[in-house]
Amino acid sequence: IQRPVLLAHAADLAARLAPQGHLILAGLLEVDEDPIREAYAAQGLQGGPATREKDWIALRLQRREG
């Protein structure tokens, strides 16, 4: 899924995530990491380091406590 789609649906995906649930976004281009992280952080999701392979990444995000 390309960055514009993930950004447009950040609020909807976050709203459907169970408490303590994880959202995995994979097959992302490295250059899209920061804008995607920022959009999902604004929805209360955070994650650790990306999994990387060449120019591709995967993000594992989780709803923040409190």
Side-chain angles (χ1 to χ4, degrees):
I1 301 174
Q2 294 181 335
R3 175 177 56 178
V5 175
L6 290 172
L7 296 178
H9 293 282
D12 189 46
L13 289 171
R16 295 175 189 278
L17 192 63
Q20 303 298 317
H22 295 266
L23 176 64
I24 297 172
L25 303 174
L28 308 174
L29 293 171
E30 277 187 324
V31 297
D32 294 335
E33 180 177 0
D34 289 340
I36 290 172
R37 279 189 185 273
E38 290 169 10
Y40 284 81
Q43 301 302 318
L45 304 182
Q46 64 182 3
T51 301
R52 300 177 186 282
E53 186 172 320
K54 297 185 182 180
D55 294 337
W56 299 94
I57 63 166
L59 300 175
R60 181 175 162 227
L61 306 171
Q62 185 176 22
R63 183 170 308 287
R64 278 188 228 144
E65 291 290 325

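Predicted model only: the values in this text are computed from it and were never measured.
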Given side chains that start at C-beta, do those of Tyr40 and Leu25 come closer than 4.5 Å, heavy atoms only?
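Counting from C-beta outward, Tyr40 and Leu25 do come under 4.5 Å.
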
Any side-chain heavy atom of Ile36 sitting closer than 4.5 Å to one from Leu7?
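A side-chain contact exists here, since the closest heavy-atom pair is under 4.5 Å.
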
Quick check for you: to the nearest 0.5 Å, what is the distance between [X] atom [atom1] and [Y] atom [atom2]?
X: Glu33; Y: Leu59; atom1: CD; atom2: CG; value: 5.5 Å
X: Arg60; Y: His22; atom1: CZ; atom2: NE2; value: 4.0 Å
X: Gln43; Y: Leu61; atom1: CD; atom2: CG; value: 11.5 Å

Surrounding CZ of Arg63 (heavy atoms of other residues, nucleotides or ligands, distance under 6.0 Å), is the total greater than 12?
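For Arg63, atom CZ is crowded (more than 12 foreign heavy atoms under 6.0 Å).
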
Cluster question for you: counting only ILVMFWY and a side-chain heavy-atom cut-off of under 4.5 Å, with indirect links fine, are Ile1 and Leu45 together?
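Yes, it is one cluster - the side chains of Ile1 and Leu45 are joined through contacts under 4.5 Å.
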
Single-linkage hydrophobic cluster Leu13~Val5, side-chain heavy atoms < 4.5 angstrom:
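Shared cluster, yes.
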
Walk me through whether Leu28 and Trp56 qualify under side-chain contact (heavy atoms from CB on, under 4.5 Å).
CA-CA 5 Å; Leu28 308 174; Trp56 299 94; 5.8 Å; no

By salt bridge (Lys or Arg N to Asp or Glu O under 4.0 Å), which residues pair with Arg3, not counting sequence neighbours?
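Checked Arg3 against salt bridge (Lys or Arg N to Asp or Glu O under 4.0 Å); matches are Asp32.
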
